[in-house]
Number of protein chains: 2
Amino acid sequence: MSEKPPKDAPPRSIERRIKAIYESIPASERVLADRVLEYPSDVLMCSATELAELAGASKAAVTRFVKRLEYSDFREMQREIRRAQSTGDPIFLNAGRSQREGGSNALLVHLDQDMSCLRQTIEQLDQEVLIAIARRIVSARRVACLGYRNSYFFAAYMRRQIIQIRPDAMILPLPGQTLMEDLGQFGPDDLLIAVGLRRRPPELGRAMQLMQQAGVPIAYVTDRRAITSTKFAKWVVPCQVRGTSLFDSYVGVISVLNFICTRAVVLSGATGRKRLNDLEEMIELLSELDPKN
Amino acid sequence: MSEKPPKDAPPRSIERRIKAIYESIPASERVLADRVLEYPSDVLMCSATELAELAGASKAAVTRFVKRLEYSDFREMQREIRRAQSTGDPIFLNAGRSQREGGSNALLVHLDQDMSCLRQTIEQLDQEVLIAIARRIVSARRVACLGYRNSYFFAAYMRRQIIQIRPDAMILPLPGQTLMEDLGQFGPDDLLIAVGLRRRPPELGRAMQLMQQAGVPIAYVTDRRAITSTKFAKWVVPCQVRGTSLFDSYVGVISVLNFICTRAVVLSGATGRKRLNDLEEMIELLSELDPKN
DNA sequence: AACCCACTAAAACTTGTGTTTCAATTCCCG
DNA sequence: CGGGAATTGAAACACAAGTTTTAGTGGGTT
């Protein structure tokens with residue numbers, strides 16, 4: 001007992017162990033480290049062979065990696081982690097889920113709500129509408145994203161994804177500018193993406209009405225309760241935002257926007273720009289500049 | 001090989017299968033059934049041998065039990081169950097939801113991905129950490145939200161919710177300002193909420209390092225692969241952002257932020273809730289907002 | 001009581017796993 | 001440009017996992 005072996009002394013989690021040595025390990029093991037950090041439950045559920053395949057490494061690399069983490073054995077590592085899990089380390093709650101087991105766990109209640117919010121949003125959407133919007137994003141002469149209050153963030157998010165294929169996409173309103181300075185020139189060849197979730201200020205409806213009168217097609221991302229303002233839109237994307245929570249849940253909104261943008265990028269590749277039209281390649285390309293800091 | 005086993009026909013859940021045959025199985029397999037019904041995750045995590053020991057049965061009993069459940073193999077059973085869990089409710093995956101004609105169910109695939117992304121984020125978080133952050137939001141002298149690129153939107157969203165209980169909450173960086181002009185005065189009594197999702201510019205890490213040196217506690221919302229920058233944070237909130245999609249999915253991030261903000265409001269108690277009510281009332285009164293438009 | 005049948009688990013068997021070895025390769029550093 | 005250290009995955013290896021066989025037990029029936 002006088003000697004303290006470093007092994008059992010600190011009940012360090014794998015994440016901690018990985019981060020401690022991350023800088024000093026070779027590439028083949030680093031891909032494993034990345035995979036484990038991103039999907040920790042894989043270690044519990046998969047065999048070492050599967051883990052190697054998932055991470056894109058060899059079985060030998062897995063063994064070396066395990067040793068470097070100061071585990072004697074792949075299996076011992078699994079046991080170790082499982083112990084940590086059963087003693088309450090929340091990182092791996094994933095595997096032990098049994099819905100009603102949570103009891104007073106507010107987090108899991110929250111998860112349930114957001115899951116059903118997300119599901120209800122997506123299930124009741126028409127894929128063709130979303131694809132039509134994506135197509136329009138690619139083909140329109142100009143694109144602008146509009147949103148107020150909370151919705152502004154989502155409009156801005158949308159615009160940020162779109163500029164990867166259309167660097168001219170605008171975000172509105174701009175501080176200190178009136179809307180019409182930027183939208184004044186818009187016409188039937190353009191596209192307005194309006195995000196109007198609950199707590200819409202009247203400006204939004206007015207702007208949409210004006211744009212409709214100018215013949216501008218409008219894609220309108222909103223909540224289910226919107227009524228009158230949907231009349232101005234060519235495409236309506238109603239999202240479920242209401243939970244029993246204090247604040248509205250926007251998981252459905254962000255998910256839909258992601259979907260539209262993804263489709264738009266794919267479509268833009270297909271329409272013959274010199275961009276890669278292979279989705280996988282694009283993912284690879286986007287992933288290569290990926291700082292681990 | 002010419003014969004097609006009934007293997008791939010029904011994607012029934014394991015619980016269903018067990019209950020279907022429960023009455024008609026012998027004792028040694030029934031103890032296994034009981035164990036599995038009570039701790040379903042054992043099947044995923046344990047080996048067949050371990051499962052036998054836990055339930056108090058023999059290895060042979062496990063094999064017979066698995067066969068009786070119409071799985072060809074113990075390992076195949078594990079794979080089957082794992083697949084069902086990782087996508088959430090297996091109802092969505094291959095239940096043949098062809099209500100949307102057109103053959104391509106890209107939307108439902110997208111839903112699956114975002115559902116599991118959301119689940120993996122929430123389930124692997126520590127509720128105590130989130131509550132500690134919420135508490136700090138209420139008690140800190142000053143609060144600032146920091147984020148670059150995509151993360152900026154989430155920092156801004158966060159700040160927008162927080163100002164309902166803390167009107168002094170800041171969003172950073174501000175255009176045309178240097179960070180230190182706003183953060184220079186920060187110290188141990190304050191709180192910095194940093195959002196740093198993939199594609200982090202180096203500025204973020206530098207800012208966090210400086211703040212840590214100044215003794216400022218940092219709540220850091222990031223993705224699972226972040227390594228070095230987590231060293232500067234007092235609380236780390238790792239989110240699952242990676243799907244097989246082109247763009248990262250932020251459903252988990254937005255959900256967590258919502259949770260933290262909600263808890264902060266609840267914790268802020270009467271004053272906070274009062275303020276929120278006042279705000280709503282005032283808004284209603286001025287009819288500044290019309291939810292129906 | 002004798003027989004039969006279902007059931008059980010120990011032990012042999014087989015397959016697939018994780019580990020180790022090793023030659024080829026890359027990357028430094030002189 | 002070399003030589004050497006480090007890194008890598010394919011293949012060989014040892015071993016443990018799951019399956020099958022088998023011998024034994026207990027309960028029920030005629």
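Note that the structure is predicted; figures quoted are calculated from it, not measured. So you know, we letter chains A, B, ... as the sequences are listed, proteins then strands, and number each from 1.
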- Separation of D:dT8 atom P from A:L32 atom CG, nearest Å, is 10 Å

Scan nucleotides 21-28 of chain D against the protein and return all N/O pairs shorter than 3.5 Å with their distances rounded to 0.1 Å.
none

- Message: Holding to salt bridge (Lys or Arg N to Asp or Glu O under 4.0 Å), I want the full list of residues that pass it with B:D42, two or more places apart in sequence or in another chain.
- Response: B:R35

Anything under 3.5 Å between a donor and an acceptor, one on a side chain of residues 60-67 of chain B, the other on a protein residue two or more places apart or in another chain? List them.
none

- Of all residues at least two apart in sequence or in a different chain, which pass the side-chain hydrogen bond (donor to acceptor under 3.5 Å, both in side chains) check with B:N150? A:R160, A:Q161, B:Y250

- Of all residues at least two apart in sequence or in a different chain, which pass the side-chain hydrogen bond (donor to acceptor under 3.5 Å, both in side chains) check with B:E128? none

- Sugar-phosphate, base or nothing in reach of A:S28, heavy atoms under 4.0 Å: sugar-phosphate

- From the 5' end of DNA chain C to its 3' end, which nucleotides mark the outer limits of contact with chain B, defined by a 4.0 Å heavy-atom distance cut-off (strictly under)? C:dC7 to C:dT17

- Message: Please enumerate all residues that pass salt bridge (Lys or Arg N to Asp or Glu O under 4.0 Å) together with B:R30, with sequence neighbours excluded.
- Response: none

- Task: Mind checking B:A61 for me? I need base, sugar-phosphate or nothing, with any heavy atom below 4.0 Å counting as a touch.
- Result: nothing

- Query: Is A:T262 reaching over with its side chain to a backbone N or O of A:N258, donor-acceptor style, under 3.5 angstrom?
  - Reply: yes

- Contacts of B:E23 that satisfy side chain to side chain contact (heavy atoms under 4.5 Å, CB included) - sequence neighbours left out: none

- Kindly write out the residues that satisfy ring-ring contact (aromatic ring centres under 6.0 Å, His included) with B:F259, not counting sequence neighbours, or none if the list is empty. A:H110

- Those residues at least two apart in sequence (or on a different chain) that pass salt bridge (Lys or Arg N to Asp or Glu O under 4.0 Å) with B:D223 are B:R200

Quick one: side chains of residues 43-53 of chain A, donor-acceptor pairs under 3.5 Å with protein atoms, not counting sequence neighbours, listed by atom name and distance.
from: A:S47; atom 1: OG; to: A:E50; atom 2: N; distance (Å): 3.2
from: A:S47; atom 1: OG; to: A:E50; atom 2: OE1; distance (Å): 3.3
from: A:E50; atom 1: OE1; to: A:S47; atom 2: N; distance (Å): 2.9

- Message: Can you list, in residue-number order, the parts of residues 48-57 of chain B that come under 4.0 Å of DNA chain D, counting heavy atoms only?
- Response: B:A48, B:T49

- Rounded distance in Å - NZ (A:K59) to P (D:dT8): 18 Å

